[in-house]
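Structure first, commentary second.
Everything quoted here is computed from the prediction, not taken from an experiment. Protein chains get the first letters and strands the later ones, always in sequence-line order, with residue 1 at the start of each.
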2 protein chains.
Amino acid sequence: MKKQASSGKRSAGATRPKPEPGYHHGELQETLIAASEAILAEQGAEGFTLREAARRAGVSPAAPSHHFGNAQGLLTEVAIRGYDALAEALRAAASGKQGARDKLHAQGLAYVDFALRHPGRFQMMFANKRLVADDARLKQASRAAGHAFETVVSELVAGTAKEAKTAAAAAWSTVHGFAKLALEEKFGSVRNESGRREVMMTLDQVLNYLWPASAARR
Amino acid sequence: MKKQASSGKRSAGATRPKPEPGYHHGELQETLIAASEAILAEQGAEGFTLREAARRAGVSPAAPSHHFGNAQGLLTEVAIRGYDALAEALRAAASGKQGARDKLHAQGLAYVDFALRHPGRFQMMFANKRLVADDARLKQASRAAGHAFETVVSELVAGTAKEAKTAAAAAWSTVHGFAKLALEEKFGSVRNESGRREVMMTLDQVLNYLWPASAARR
DNA sequence: TATCTATCTTAACACTGTTCAGATTGAGCG
DNA sequence: CGCTCAATCTGAACAGTGTTAAGATAGATA
């Protein structure tokens with residue numbers, strides 16, 4: 001019942017507009033992923049429900065199971081794309097600067113900016129209990145994002161591999177912790193653009209404190 | 001509802017073993033909080049349900065509402081106690097050392113140690129959406145815990161108040177991010193004691209990298 | 001054209017948090 | 001001592017949730 005008037009007739013299809021009729025949706029996986037990301041963007045990680053995603057995709061609550069197994073499977077796919085987007089943002093930020101220290105600084109800003117602009121997606125990416133934590137592709141995507149830090153940091157420390165790993169862990173921990181605390185409003189409101197800008201300025205100072213611009217340290 | 005105090009203390013009797021019969025439980029609030037903490041310890045933050053807490057306390061699912069309003073109210077109380085315990089752990093760690101830098105280092109270790117030993121409680125403390133985020137006592141407890149960092153850091157930087165705040169934000173972000181990432185197994189397994197010990201050694205190196213022991217920086 | 005098989009629906013189950021009318025009971029007051 | 005009363009808790013209901021099994025549908029294949 002109630003097929004929500006979804007462009008049933010594909011008669012004079014000039015450019016193959018939308019093939020989403022009754023039984024065989026055709027692109028249900030992508031549609032469900034997009035719906036999930038929309039929910040995360042609108043309502044945050046806690047607002048996601050599998051049934052709501054199915055509702056937005058125009059299918060029954062049982063439909064997703066055939067493609068993703070369960071809710072964790074769907075969210076895992078969403079998280080993978082999130083990690084890909086994050087890695088891309090980090091890469092772009094670093095490529096805009098010269099010098100290891102400035103690259104790292106820009107990456108730190110980009111990391112938190114990503115978290116503040118896509119809070120639901122970001123929180124879900126790190127909500128292991130809601131994902132298939134041992135999924136190979138997820139682990140790969142997560143490692144790729146973390147790797148973006150290591151490559152830049154390795155230029156910076158110029159020491160042993162272990163030192164580079166320590167420095168990368170330090171950088172990741174700092175920006176991740178700042179992002180998490182900021183999202184919990186520990187540094188002030190972050191809902192509007194002006195609040196976010198102020199928080200980002202605090203982050204800038206934090207990064208300057210931990211990785212000073214000049215060679216001299218405090 | 002929400003009439004605290006009372007503390008139905010029936011005096012007399014030398015020993016009062018179990019006053020938890022039928023209708024008037026007598027200590028339901030404390031019992032519910034303890035049950036909730038037990039669930040968090042056993043099953044993590046995602047494993048908590050209000051009904052399970054009521055079940056363990058031996059009351060109906062509707063009973064908690066008379067004391068805490070709703071699940072958020074109960075969890076807020078749990079979070080407050082968590083912040084109190086965390087603040088106490090930070091204070092104890094700092095008091096065992098001398099010198100601002102060593103105090104800060106010890107506090108960082110204590111922070112992550114707390115998170116790794118009480119993962120469910122820790123995650124819940126920072127799950128704003130599941131708490132009454134604007135509860136006055138909660139905000140106060142959270143600020144008190146954060147203040148433990150500021151007091152120690154202010155000795156370290158010896159600059160303006162703004163610089164101290166920046167340094168405190170840096171320290172908190174780093175240890176919080178490390179704790180979060182560690183709990184998501186980004187630094188290796190953390191389920192058994194040996195895994196935790198290894199992760200704590202990584203943290204030790206991270207802290208040494210960001211706040212070196214000697215005056216000379218890298 | 002007939003069959004096969006992936007895809008999706010329907011219906012059900014066991015949960016969840018929350019609400020509300022009513023049962024119970026300890027405590028204070030006459 | 002007995003009564004009333006307000007606080008406390010129960011029982012039942014409601015609207016949700018994720019997941020599963022059995023059946024309907026339709027695109028692809030032979």
Task: Most 5' of B:R55 and A:H66 on DNA chain C, judged by nearest nucleotide - done: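 Between the two, 5'-proximity favours A:H66.
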Open item on the list: Both B:L50 and A:H67 contact DNA chain C. Which one's nearest nucleotide lies toward the 5' end?
Closed with: A:H67
Task: Phosphate contact (D:dT17 OP1 or OP2) by B:R51 side-chain N/O below 4.0 Å - done: no
Open item on the list: Any salt bridge linking B:E42 with B:R56? Criterion: basic side-chain nitrogen under 4.0 Å from a carboxylate oxygen.
Closed with: yes
Open item on the list: If the threshold is 4.0 Å, N to carboxylate O, is there a salt bridge linking B:R81 and B:E88?
Closed with: no
Choosing from [options], which nucleotide comes nearest the side chain of [X]?
X	options	result
A:A71	C:dG17, D:dG18, D:dG11	D:dG18
B:S65	C:dT19, D:dG11, C:dT16	C:dT19
B:A62	C:dT19, D:dT17, C:dT9	C:dT19
A:T49	C:dT9, C:dG17, D:dT17	D:dT17

Would you mind reading off the distance between [X] atom [atom1] and [N] atom [atom2], rounded to a whole angstrom?
X	N	atom1	atom2	answer
A:Q29	C:dA6	CD	P	14 Å
B:Q43	C:dT16	CD	P	11 Å
B:L28	C:dT25	CG	P	16 Å
A:L32	D:dG18	CG	C1'	14 Å
B:E46	C:dT16	CD	C1'	14 Å
A:Q72	D:dT19	CD	P	7 Å

Task: Residue met sooner reading DNA chain D from 5', once A:E52 and A:G69 are mapped to nucleotides - done: A:E52
- [ ] Check each of A:F126, A:F114, A:F122 against A:Y83 using the ring pair (Phe, Tyr, Trp, His ring centres under 6.0 Å) test, and report the only one that passes.
- [x]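 Considering A:F126, A:F114, A:F122, a ring pair (Phe, Tyr, Trp, His ring centres under 6.0 Å) with A:Y83 is found only for A:F126.
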- [ ] Indicate whether the side chain of B:T174 and that of A:T174 have a donor and an acceptor atom separated by less than 3.5 Å.
- [x]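 Checked: B:T174/A:T174 side chains pair up, N/O donor to acceptor below 3.5 Å.
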Open item on the list: Quick check: do A:Q205 and B:K162 have side-chain heavy atoms less than 4.5 Å from each other?
Closed with: yes
